[in-house]
Amino acid sequence: MSASSDTQLPRTTVSRIVVASFIGSTVEWFDFFAYAVASALVFPALFFPGLSSVAGTLAAFATFGVGFLSRPLGGVLMGHFGDRVGRKSMLVISLVGMGMATAGIGLLPTYQQIGVLAPTLLIVLRLLQGLAVGGEWGGAVLVAVEHAPTGRRGRYGGFVQMGIPAGVILANIAFLATGKTLSAASFEAWGWRIPFLVSAVLVVIGLIVRVSLTETPQFRAALAASRITRLPVVEVLRRDWRRVLLAAGTFIAPNAVSYIVITYSLSYATTFLHLGRTTIIWMILAAAVVWLVVAGYAASISDRLGRRRVLLSCLAALALWSLVYFPLLDTRSTPLVLLAFVVSSALFGAANGPQAALFAELFDTQVRYSGISLAYQLGSILGGGIAPFLATALYGINSTSLPITGYLTLTCVLSFGCALAISETGRRDLATPSRAAEPAPSGVRPEGQPWAR
């Protein structure tokens, strides 16, 4: 099968791939972000009672960050088997694992009921969430991108990226609807569990869609040609460690800003600015809708303009905007706070959009799942994993948002530098002459040769 033969896939097959990429990603990230919303709204009081507002928030965000620590392990494990066994099976495993962990959180007793065992179990379940989502993104991206016709990899990968804000939207709608329906006391007592338990239904839907998928042409070709690497993680770190680090670096700023906006800002605006919780959740919903639309558009135009050009433009704009984000929040003006949320989400969404195809195009088929998973999860730890916790700690220094602004600006500068370097690395380290001269099996790009610009 040629690299371009996937353009001959039936329209129904193409539609199923796109829908599966979007729905599966949405379900996984709904589960992950439901925890983020709960950690800002109710976990401090339920699992860390007796602490001050700052200390309780720090503790809740620390458990939130724990999920990021296990994400690289999930990426390594599922990347290994995804490169050896196939992409589809890992997607099914990650979805089941995420659903079980999320439902477990919804059934978890609180500190008042079982004492210190409650936050301990919360951490364990969060670690399981991290393991599941650690392998999810890489598999979802490859199912989309490796099925994509030449010249449309950005667009196909964009559907996976759009699933992330879709998960944010569903998670916030679930908490918003539950909070509106129940009294504050009922919501804190048991209503917060409903979004986590609803996850079980969404997981079943996601499984039905994913089980119907076929393995990707790229992986089937590598398997048929016996070009499966025994230890893909070791191989990608030996041969492509610079690309792993640079790709991870490009993701730090968009991920950090996104978690500051959708997670920390909810706590910051309600706790320190004393803005209404419902109002802020509606603003986050609006921002997530913008994020979804812009991510898809940026991914699509990267097929025409190039991934690097789109990414650099967005990171530069994000660096400038990070200077005014918290000053706008601190005005407590509803229109200005909404503006801060919406513009920020548009910029980090645009930066996220082309990254699915960009990451996939950096690595060869037999190590691609491992390579993109390592890069993405490393960037997620250094970005979103520590952002809410670090922002809370920085605010505690002198009770101002200025240190947080400095932190966000620095992450943007770092990611911009990595994006500048990643193209140079691609040109310099494409392949040695002997490897470049190897005949590649049909459907697999030659070693080190990029699929697209």
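- Closest non-hydrogen pair, L338 versus A286, comes out as CD1-CB, 4.3 Å.
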What do the steps show when you test E146 against R368 for salt bridge (Lys or Arg N to Asp or Glu O under 4.0 Å), and what is the final call? CA-CA 10 Å; E146 289 184 345; R368 188 171 295 133; 2.7 Å; yes
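- A salt bridge is absent between R230 and E235: the closest approach of a Lys/Arg side-chain nitrogen to an acidic carboxylate oxygen does not fall below 4.0 angstrom.
- Considering only heavy atoms from C-beta on, R277 comes within 4.5 Å of T270 through its side chain.
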Step by step, would you call I169 with I284 a side-chain contact (heavy atoms from CB on, under 4.5 Å)? CA-CA 8 Å; I169 293 168; I284 292 175; over 6 Å; no
Between R71 and L131, does a side-chain contact (heavy atoms from CB on, under 4.5 Å) hold up when you go through it step by step? CA-CA 5 Å; R71 281 171 63 166; L131 281 173; over 6 Å; no
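- For the pair G249 and S415, the tightest heavy-atom approach, listed with the atom from each and the gap, is O-OG, 2.6 Å.
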Evaluate the side chain to side chain donor-acceptor pair (under 3.5 Å) criterion for residues S322 and T409: first the C-alpha distance (whole Å), next the side-chain angles of each, then the deciding distance (0.1 Å), finally the verdict. CA-CA 6 Å; S322 66; T409 304; 3.1 Å; yes
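- In terms of heavy atoms, V236 sits closest to G371 at CG2-CA, 3.8 Å.
- Side chain of S265 to main chain of I260: a donor-acceptor pair is present (N/O by atom type, distance under 3.5 Å, no hydrogens or angles).
- Between the CG atom in D83 and the CD atom in Q366 there is a gap of 8.0 Å [rounded to 0.5 Å].
- The backbone N or O of S186 lies less than 3.5 Å from a partner atom in the side chain of S183, making a donor-acceptor pair.
- Side chain of R243 to main chain of L362: a donor-acceptor pair is present (N/O by atom type, distance under 3.5 Å, no hydrogens or angles).
- Two residues are said to be in side-chain contact when any heavy atoms from C-beta on lie closer than 4.5 Å; W321 and V257 fail this criterion.
- For the pair T392 (side chain) and P388 (backbone), a donor-acceptor distance under 3.5 Å is present.
- Screening Y325, F326, F341 against Y268 for a ring pair (Phe, Tyr, Trp, His ring centres under 6.0 Å) leaves a single residue, F326.
- Separation of atoms OG (S370) and CZ (F81) is listed at 10.5 Å; rounding is to 0.5 Å.
- Within the 4.5 Å cutoff, no side-chain heavy atoms of L91 are placed close to those of K88.
- A distance-only check finds a donor-acceptor pair linking the side chain of Y369 to the backbone of G139 [under 3.5 Å].
- By the 4.5 Å heavy-atom criterion applied to side chains, F251 and L378 are not counted as neighbours.
- Residue Y111 places its OH atom among 12 or fewer non-hydrogen atoms of other residues, nucleotides or ligands, all under 6.0 Å distant.
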For the pair T181 and T178, evaluate side chain to side chain donor-acceptor pair (under 3.5 Å) and give the outcome as yes or no after the intermediate values. CA-CA 5 Å; T181 304; T178 305; over 6 Å; no
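- Contacts classified as salt bridge (Lys or Arg N to Asp or Glu O under 4.0 Å) and involving residues 129-145 (residues at least two apart or in different chains) are given here: E136-R210.
- No side-chain heavy atom of C314 sits under 4.5 Å from any side-chain heavy atom of L347.
- Using a 4.5 Å heavy-atom threshold, the side chains of F348 and L318 count as touching.
- In this structure, L336 and L328 approach most closely via the heavy-atom pair O-CB, 3.9 Å.
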One pair to check against side-chain contact (heavy atoms from CB on, under 4.5 Å): E188 and L46. What are the steps and the verdict? CA-CA 8 Å; E188 186 168 318; L46 295 177; 3.9 Å; yes
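- Q355 CD to N255 CG: the interatomic distance, rounded to the nearest 0.5 Å, is 9.0 Å.
- Side chain of T331 to backbone of S333: a donor-acceptor contact under 3.5 angstrom is found.
- Judged by distance alone, the side chain of T26 and the main-chain N or O of F22 form a donor-acceptor pair under 3.5 Å.
- Across G383 and Y407, no two heavy atoms sit closer than the pair O-OH, 3.9 Å.
- Taken from CG in L390 to CG in L408, the straight-line distance is 9.0 Å, to the nearest 0.5 Å.
- Between F272 and Y395, the ring center distance clears the sub-6.0 Å criterion.
- Looking at R87, its side chain never comes within 3.5 Å of a backbone N or O of V143 through a donor-acceptor pair.
- At least one side-chain heavy atom of F43 sits under 4.5 Å from a side-chain heavy atom of I105.
- Looking only at side-chain heavy atoms (C-beta outward), P403 and N398 come within less than 4.5 Å of each other.
- Salt-bridge annotation for R227 and D364: absent, with no side-chain N of the basic residue lying under 4.0 Å from a carboxylate O of the acidic one.
- Distance check: N172 CG to I280 CD1 gives 11.5 Å after rounding to the nearest 0.5 Å.
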Criterion side-chain contact (heavy atoms from CB on, under 4.5 Å) on N352 and I164, from CA distance to verdict: CA-CA 10 Å; N352 281 151; I164 302 174; 5.9 Å; no
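- T102 places no side-chain N or O within donor-acceptor distance of the main-chain N or O of G99, the cut-off being under 3.5 Å.
- At distances below 3.5 Å, at least one donor-acceptor pair connects side-chain atoms of Q113 with backbone N or O atoms of T110.
- Using a 30° and 60° split on the angle between ring planes, W137 and Y376 fall in the parallel class, below 30°.
- In this structure, the separation between CD on Q129 and OG on S70 is 9.0 Å, given to the nearest 0.5 Å.
- The minimum heavy-atom distance linking A253 with T411 is given by the pair CB-O, 3.3 Å.
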